[in-house]
2 protein chains.
Amino acid sequence: MSEDEVLLQQLFEDDKLTEKQKKIILAAIESFSEKGYAATSTSEIAKKAGVAEGTIFRHYKTKKELLVSIVAPLMAKLIGPFIVNDFHKVLDHPYEHVEDFLRAAIQNRSDIIKKMLPVIKIMMQEIPFQPELREQFLEQVARKTFDRILLVIKEYQDKGQLIEMPTLSAARLAISSIFGYLISRYIFFPDSEWDDELEIERTVQFIMHGLSQR
Amino acid sequence: MSEDEVLLQQLFEDDKLTEKQKKIILAAIESFSEKGYAATSTSEIAKKAGVAEGTIFRHYKTKKELLVSIVAPLMAKLIGPFIVNDFHKVLDHPYEHVEDFLRAAIQNRSDIIKKMLPVIKIMMQEIPFQPELREQFLEQVARKTFDRILLVIKEYQDKGQLIEMPTLSAARLAISSIFGYLISRYIFFPDSEWDDELEIERTVQFIMHGLSQR
DNA sequence: TCATTTAATGAGTGATTACTCACTTTTATT
DNA sequence: AATAAAAGTGAGTAATCACTCATTAAATGA
């Protein structure tokens, strides 16, 4: 099984899709992430997928519906394990120190991003232009994640491990550092040699010292 | 004079442009940043600019040339003052402390971003898809800026103000924090109330403590 | 096995695309 | 004022766009 098909399986494991439908989605992901949504034609997707153009519209009423059907499941994947696992653990106190939580959080996000990179690129590209995606992202991903992050930060602030600062500002600084690493690692310089463990540790230490009680 | 025209003047002050050409550029900036480059048609730009469609192609051979002519000057603006002013000052030691340099750098970038926001949006959107823009950005902006940043960081590391860490990693962490603030401020939550001075100070302190000698 | 549903097809649709070009109008030069 | 050059026009073009639909193929269930 190819890497692409592994990616596909993880994103669409719960759905019952025909073989042609899977090929359409794979072809669309490839073209959308390479050329952008608007610059990709349905005929091109059909050709790459090895199906008739009409087959695309049998399963998806419009081209935009195809886009949404690709990006929407990713949002669930992005938010799901984050909320269910990480935060549950934190709020139930298995991570006594904020550093341990940070390490786990970055590692978690890192794995998902690595696997879903093309779809994430599509998502980031189209969110500014597709109100439907934008709304879904803000409500399902950003809002829920942010609320939880605020809780966690408050928790560690109360423990005296973090500096007293509006949690919003603290969250912004921590999130910037994490995404700065992920974006550098997987978007800007994916071909450089990375000692991931070391860079994650540096990022964690940077956040820790930057936000620690002085 | 409208705000848009101020923006225009700053971006294209050195060029001799006809009135219609200015209107075309303004219309293109508006449409490109709202709908994206690929999703914007030349007929739409012509209509918005109040010119005939042929006029666009009198000045720009292709639609892509129009895009480049909008984004390219911005890159010079982004890099120009950064290198000429900020770094010159740093390397000639008027900023004894790294914090003072950081404050000045963020303030400088902040002003430019505020003014050029729509064009910056276009640039960020299209760099992944337009090799010409990508190359220009990497060579003119990213490379030069990065080289200088590395020098500055090395300078302050030698002074003992910054932790010993590969300068590349230190640069990544500092840049992430700065851009995290700028993106939050002007892209994600431009409508929230911001105490800019305070947030910049928090960001500076965060970087300082995160990277300071321990 | 046969009937019914579902999947797949590809030629065809009108609309829109980026771009051209013969022509008119404006500006600059002498 | 005469001439040349540059700017502006808008109807026209072939290509391509997202999408439809009548028809055929495959899968399903009794």
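Quick note on labels: first sequence line is chain A, next is B, and so on, each numbered from 1.
Here K63(A) reaches the OP1 or OP2 of dA18(D): one of its side-chain N or O atoms lies under 4.0 Å away.
Within the 3.5 Å criterion, the main-chain N or O of K64(A) finds a donor-acceptor partner in the side chain of Y37(A).
Looking at heavy-atom distances under 4.0 Å, T55(B) makes contact with a base. At a threshold of 4.0 angstrom between heavy atoms, the contacts of Q21(A) with the nucleic acid are absent.
Among L74(A), V71(A), L133(A), the single residue meeting the side-chain contact (heavy atoms from CB on, under 4.5 Å) criterion with I122(A) is V71(A).
Within the 4.5 Å cutoff, the side chain of K144(B) has no heavy atoms near those of the R148(B) side chain.
Note that the CG atom of L168(A) and the CZ atom of F189(B) stand 8.0 Å from one another [nearest 0.5 Å].
The NE2-P distance, from H59(B) to dA6(D), rounds to 12 Å in whole Å. The CD atom of E19(A) sits 17 Å away from the C1' atom of dA25(D) (whole-angstrom rounding). Straight-line distance from the NZ atom of K61(A) to the P atom of dA18(D): 19 Å, rounded to whole Å. Between Y60(B) atom OH and dA7(D) atom P there is a gap of 11 Å when expressed in whole angstrom units. Here the C1' atom of nucleotide dC19(D) and the CD atom of E65(A) are 13 Å apart, to the nearest Å. Summarising the geometry, the separation between CD on E53(B) and P on dT13(D) is reported as 15 Å, rounded to the nearest angstrom.
The nucleotide range of DNA chain C contacted by chain B, defined by atoms under 4.0 angstrom from heavy atoms of the protein and reported 5' to 3', is dT17(C) to dA22(C).
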For Q205(B) and E201(B), run side-chain hydrogen bond (donor to acceptor under 3.5 Å, both in side chains): C-alpha distance rounded to whole Å, both residues' side-chain angles, the deciding distance at 0.1 Å, then the answer. CA-CA 6 Å; Q205(B) 291 304 321; E201(B) 190 55 33; 2.9 Å; yes
Take E53(A) and S43(A) through the test side-chain hydrogen bond (donor to acceptor under 3.5 Å, both in side chains) and record every step on the way to the result. CA-CA 6 Å; E53(A) 203 175 342; S43(A) 69; 4.9 Å; no
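Between E199(A) and R185(A) no salt bridge is recorded (no basic side-chain N to carboxylate O distance below 4.0 Å). A salt bridge is absent between K47(A) and E44(A); no separation between the charged side-chain nitrogens and carboxylate oxygens falls under 4.0 Å.
Near-neighbour residues of DNA chain D inside residues 42-51 of chain A, defined by a heavy atom below 4.0 Å, number-ordered: T42(A), S43(A).
Residues K64(B) and R58(A) each lie close to DNA chain C; by heavy-atom proximity, the contact nearer the 5' end of the strand is made by R58(A).
Between Y181(B) and W194(B), the two ring planes are perpendicular [angle over 60°; tilted spans 30° to 60°].
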